[in-house]
There are 2 protein chains.
Amino acid sequence: MIRISKKVEYALMALKFISNSEHKLVTAREISDKGNIPYDLLSKILQKLKNENILISNQGTNGGYSMNKRPDEIPLFSLMNVIDGETAIAECLMDNSVKDCCLTDSCSIKNPVTVLQKEVEELFKKKTISDFV
Amino acid sequence: MIRISKKVEYALMALKFISNSEHKLVTAREISDKGNIPYDLLSKILQKLKNENILISNQGTNGGYSMNKRPDEIPLFSLMNVIDGETAIAECLMDNSVKDCCLTDSCSIKNPVTVLQKEVEELFKKKTISDFV
DNA sequence: TGAAATAGGACTATGTTAGTCCACATTTAA
DNA sequence: TTAAATGTGGACTAACATAGTCCTATTTCA
């Protein structure tokens with residue numbers, strides 16, 4: 001399931017916003033207002049980014065977020081993984097897919113789909129947040 | 001929303017199966033049985049492929065499906081469009097997206113997302129069914 | 001005429017995504 | 001020391017998309 005979800009869009013917008021506010025803490029409220037992003041949802045996203053050490057957070061009055069990595073150090077692929085969890089181009093290629101699926105075992109299209117998966121991953125790994133800033 | 005859905009998987013499996021049965025009509029039931037694909041769902045898929053002139057169908061007893069195009073004439077991209085409808089890597093890039101979305105107008109990440117969309121499309125246009133047969 | 005096949009509309013079930021609500025923890029300024 | 005500003009995080013709900021099912025035609029052939 002390769003796809004840019006709303007959450008990833010929001011994350012990209014937030015990272016862009018924070019990146020462009022060098023040396024200044026940015027609050028979730030600010031990003032939410034400027035980007036027209038639901039505040040609660042955005043908060044969750046920022047928290048995840050903080051937990052993955054992509055952002056630094058400061059609580060309390062005058063708190064906010066700042067970058068902990070350079071945009072070019074953050075591949076789009078890992079951002080998507082952080083926000084939406086593991087992704088694969090087809091359900092069956094995912095590790096946790098225990099379901100009996102056409103792609104398991106000697107499935108007729110497993111190999112070519114796996115190849116495609118690799119190619120898409122490559123593309124998303126080459127892209128970094130700097131491409132969006 | 002770029003993704004290989006179950007339906008597209010089933011379509012790929014079916015096309016592979018039909019391609020490998022040269023000069024013989026293949027029934028939906030056969031494909032369903034061999035590929036462990038829900039019959040009703042598969043039928044819908046085959047009908048779509050027929051309506052798009054990818055397959056030829058013959059009704060009635062001894063009927064079935066046969067290829068109407070060579071696998072290398074069918075890009076994966078158009079197959080996905082036929083089966084699942086128009087796809088885009090982000091919801092907002094879709095033509096029918098009338099919703100007020102962050103990516104409309106002067107959205108901060110619209111351009112890079114559009115570029116990414118093009119790149120993914122390229123990849124899926126270069127792939128053809130012959131890569132899966 | 002009846003069986004084997006495609007054609008296709010309508011519906012349901014399930015899962016995912018997006019979004020909301022609420023209570024709490026931390027920090028700073030007054 | 002308290003109130004306001006801010007991040008933290010769990011639980012819930014709403015909306016939507018996908019996958020799958022059911023049922024009834026229609027066509028063709030033996």
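Basis for what follows: all heavy atoms, side chains included, without hydrogens, waters or symmetry-related copies. Letters go in sequence order (proteins before strands), and every chain restarts at 1. Because the structure is predicted, anything quoted here is derived from the model rather than measured.
The closest side-chain heavy-atom distance from B/L79 to B/L49 is below 4.5 Å.
The B/N62 side chain lies nearest to D/dA30 when the options are D/dT8, D/dA30, C/dT6. Closest contact between the side chain of B/Y65 and the listed nucleotides C/dA4, C/dA7, D/dG7 involves C/dA7. Considering only side-chain atoms of B/K50, the nucleotide from C/dA7, C/dT27, D/dT8 that sits closest is C/dA7. Side chain of A/T27, nearest nucleotide from D/dA5, D/dC29, D/dT6: D/dT6.
Rounded to an integer number of Å, the gap from B/K48 NZ to D/dT18 C1' is 11 Å. To the nearest angstrom, P of D/dA30 lies 13 Å from CG of B/N58. If you take CG of B/L46 and P of C/dA7, they are 9 Å apart, rounded to a whole angstrom. Distance CG (A/N36) to P (C/dG19): 10 Å, rounded to an integer number of Å. Regarding B/L49, its CG atom lies at a distance of 15 Å from the C1' atom of C/dG8, rounded to whole Å. Atom CG in A/N68 sits roughly 16 Å away from atom P in D/dG7 (whole-Å rounding). In this structure, A/I37 atom CD1 and C/dT20 atom C1' are separated by 16 Å, rounded to whole Å. Across the protein-nucleic acid pair, A/E52 atom CD and D/dT8 atom P stand 13 Å apart, rounded to whole Å.
Here the side chain of B/E73 pairs a donor or acceptor atom with the backbone of B/R70 at under 3.5 angstrom. Side-chain N or O atoms of B/S32 include none that pairs as donor or acceptor with a backbone N or O of B/A28 at under 3.5 Å. Side chain of A/S21 to main chain of A/K24: no donor-acceptor pair is present (N/O by atom type, distance under 3.5 Å, no hydrogens or angles).
Side chains of B/T128 and B/D72: a donor-acceptor N/O pair is absent below 3.5 angstrom, by distance only.
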If you restrict it to nitrogen or oxygen atoms, what contacts under 3.5 Å exist between nucleotides 19-23 of chain D and the protein, and what is each distance?
from   : atom 1 : to    : atom 2 : distance (Å)
D/dA19 : OP1    : B/K6  : N      : 2.6
D/dG20 : OP2    : B/Y10 : OH     : 3.0
D/dT21 : O4     : B/K44 : NZ     : 3.3

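In this structure, A/K125 is positioned above the aromatic face of A/F77, its NZ or CZ under 6.0 Å from the six-membered ring centre and within 45° of the axis.
A close approach under 4.0 Å does not occur between any side-chain nitrogen or oxygen of A/N51 and OP1 or OP2 of D/dT8.
The pair B/E9-B/K6 meets the salt-bridge criterion, with a side-chain N (NZ, NE, NH1 or NH2) lying under 4.0 Å from an Asp/Glu carboxylate O.
Between the side chain of A/Q59 and the base of C/dT26, no donor-acceptor pair of N or O atoms lies under 3.5 Å.
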